[in-house]
Amino acid sequence: MPKPKLNTDFTIGLVGLMAGSLILFVWIPLDVDTGLIEKVRSQVVIGDAMAPSLAASILIIGSLLMILQSFRNREETDLSRHSLKFLVMLLVLLGLSMAVMRWAGPFSAHLFNADYRSLRDTVPWKYIGYFLGGIIIVFSLISMMEHRMRWRTLIISILVVVVLIIIYDLPFENLQLPPNGDV
Amino acid sequence: MDAVGYVWAGVLAVFQGPALFDIFGISISITLVMVFCGLLTGIVVGATPGLAGPMAMAISLPILISVFGYHESALLPVLGFLIGVMKGATVGGAVPAILFNTPGTPDAYLTTFDGYPMTQKGQSGKALRVAHFSSVSGDTVSDLILFTCAPFLAILVEAYLDFPEKAALIILSLSFIAAVVGKSVAKGLLAMALGMLAAYIGTGEDFYPRLTGGTEVLSSGFSMTAVILGVLIIGEVFKSMEDLRLTHGSSKVKAINPHDDNRLHWAEIRKLLPYIRNSALIGTLIGALPGIGTTLAATLGYATGKKLYERRKSDEDPAFGEGVPQGVAATEAANSAVSGANLIPVLSLGIPGNAAAVFLILAADSIGGFNPGPSVFNFSTDGVNPELVVAFGLFTMMVFANFLNWTVGGVFMRSMGIMGLLMLARAVIVVATEGRIIDTGFLGHIDHPNFFEAVAVTLGWGPFWPPF
């Protein structure tokens, strides 16, 4: 029998199979109090484990089908290493900008020996995190798509964030821009 | 209140709701204005490559709720705007497909086959008129079928189906989704299983919520808004950003000026009618089945239209794909007919048919006072069932949106081509893309009490967008 190529369908199937088995045989028994069926006052009722066990079983069946499919269809599919690299880069950049959005305000308040919580509804403090984090998201993602960094992109990023602040913050008194609701 | 009374109450709720302004002493209700604004927004969004109706709905929903608040009186204006966007986007999607060979929405892909060759022949105006006429005709047919079928189906469901039958129906629709999502049944099963698992976390009948790992974060389950934004919006944004990265953020469009007869004559409309009829019925049928998107309807409509055309055409007539108005009509009527019929499973079974229907349910769920499903159609004669009034208000808004689409929609849609969109297309694509990045996925949560937790859930679900 020819050796199957480690193509996308095979990888997804394998990951799904492992995840499904882990959920069905480890997570559900450890983290659900009732079993598949329960006896309550001599009546048989469906337990809390029934529905997730069914879903995990479908996950396992789907994954097995994917693996079988990968034996039949050995063409390289389009989920390439490039796509995964792109996804990781994207999540890192988004994580970084979210961190700046969350901590830039409190950090600048700390520099002035002030408490950010008491300042978070006042100008300019309430805009610091959103403004800097927003610019980083827009600038880094456009630059990543264009494969270059330009002053024009920075100006566009600033404009986009300012427009969003105008749309979301100025008209609504009871709405707080991120991260002020979380701080 | 009797059945006619409910219909009339729904009509009045739309036309005589809180007034925004007066024209010659006639007060114009805020709901009508919102439908109008939604329709124009939908056409612009549909005509902008890379943006789509559900994205506009995701961006506007938190703003609308902030403006109108969590009160029953907010239901009709908010749903009206979203219905306007849904209907406008189906019409607008044809504009870039015809003018730039770039579909504005995924379902308009097949419109490029005949629409762009017509533009190359100098008949862009005619192609846009054909697209508008077919699209709005398909949509109107679909809406009429919705108005007549949904209440009866819902009454039948409530009268004859009990829990076991309803469970069987849900299993049927899940099987349907698994069979048609993505390219293989296996992937469909995986997507379905993951969705089910996500729904089971933090729920259950027991005192201890299941599958939380003892954590506070998972004890109330995933936020529905966060997961929907992740799967439907962020995934699509990720995919289009990757495409832009591969093309270095550029897009090439070529301007071609119309130079032929660009009006649509009655004789031509008569030739289009059989294609529109067939496609509208196909689109309605596909739309009424839960989980199947508009792209399949457009593909089937185009294939059926092609067969009919080949039977009827003479030897010297151009073939489908060489700039035939019937090709544009077959596609546009089919994909637009899906939008109305998509509400049939929502209103009769409580199961959303597509992404736009999901946002309508989300809006109703966020505001409260309207729970889309078969229980809405309870024609109670003892008192007034407010949900039924809202349902007929919804139908009235759809009729009003169709009326606007027939009248101002076509002019506005064609003006999208004239207003220099051709020259600005590249800039629009870049700005739209960057706007989306932080807009759709994240600012959909701006009114969320815990923004970062919601964003993390959204990002986590992003890669599960079906085609990614």
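Order of the sequence lines fixes the chain letters, A, B, ..., with proteins taken first and strands second; residue numbering starts at 1 for each chain. Because the structure is a prediction, the values reported are computed rather than measured. No hydrogens, no waters, no symmetry mates; every other heavy atom, side chains included, goes into these values.
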Practice prompt. Taking heavy atoms only and a threshold strictly under 4.5 Å, list by residue number the residues of residues 33-44 of chain A that touch chain B; give 'none' if the list is empty.
Written response: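 Residues in range: Asp33(A), Thr34(A).
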Item to complete: Please report the closest heavy-atom contact between Ala55(A) and Ala193(B), naming both atoms and the distance.
Response: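 Answer, listing the atom of Ala55(A) first, then Ala193(B): O-CB, 3.4 Å.
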Discussion item. If I compare all heavy atoms of Pro52(A) with all of Leu211(B), which pair ends up nearest, and what's the gap?
Written reply: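 Where Pro52(A) meets Leu211(B) most closely, the heavy atoms are CB-CD1, 3.8 Å.
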Worksheet item: Just by modelled atom types, is the Asp206(B) backbone N or O under 3.5 Å from a matching donor or acceptor in the Asp48(A) side chain?
Response: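 Side chain of Asp48(A) to backbone of Asp206(B): a pair is present.
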Worksheet entry | For Trp125(A), all residues meeting side chain to side chain donor-acceptor pair (under 3.5 Å), sequence neighbours excluded |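 Result, side chain to side chain donor-acceptor pair (under 3.5 Å) vs Trp125(A): none returned.
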Worksheet item: Among all residues two or more places apart in sequence or in another chain, which pass the side chain to side chain donor-acceptor pair (under 3.5 Å) test with Thr203(B)?
Response: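 With sequence neighbours excluded, Thr203(B) shows a side chain to side chain donor-acceptor pair (under 3.5 Å) to Arg210(B), given in chain and number order.
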Roughly how far apart are [X] [atom1] and [Y] [atom2], rounded to 0.5 Å?
| X | Y | atom1 | atom2 | value |
| --- | --- | --- | --- | --- |
| Leu189(B) | Ile60(A) | CG | CD1 | 12.5 Å |
| Thr212(B) | Asp31(A) | OG1 | CG | 5.0 Å |
| Met50(A) | Glu205(B) | CE | CD | 13.0 Å |
| Leu197(B) | Ile23(A) | CG | CD1 | 5.0 Å |

Discussion item. Is Leu59(A) in contact with chain B via its backbone, its side chain, both, or neither, using a 4.5 Å heavy-atom distance?
Written reply: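 For Leu59(A), the contact with chain B is made by backbone and side chain together.
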Discussion item. Can you tell me which portion of Met89(A) sits under 4.5 Å from chain B's heavy atoms? Options are side chain, backbone, both or neither.
Written reply: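 Only the side chain of Met89(A) comes within 4.5 Å of chain B.
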Within 6.0 angstrom of [X] [atom1], more than 12 heavy atoms from elsewhere:
| X | atom1 | value |
| --- | --- | --- |
| Leu96(A) | CG | yes |
| Phe207(B) | CZ | no |
| Tyr208(B) | OH | yes |

Discussion item. Which residues pass the side-chain contact (heavy atoms from CB on, under 4.5 Å) test with Leu40(B), not counting sequence neighbours?
Written reply: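 In terms of side-chain contact (heavy atoms from CB on, under 4.5 Å), with neighbours along the sequence ignored, Leu40(B) is linked to Phe36(B), Phe412(B).
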Fill in: Heavy-atom pair count under 4.5 Å with chain B, highest-scoring of Leu90(A), Leu159(A), Leu65(A), Val32(A)
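With the most close heavy-atom pairs to chain B, the winner is Leu90(A).
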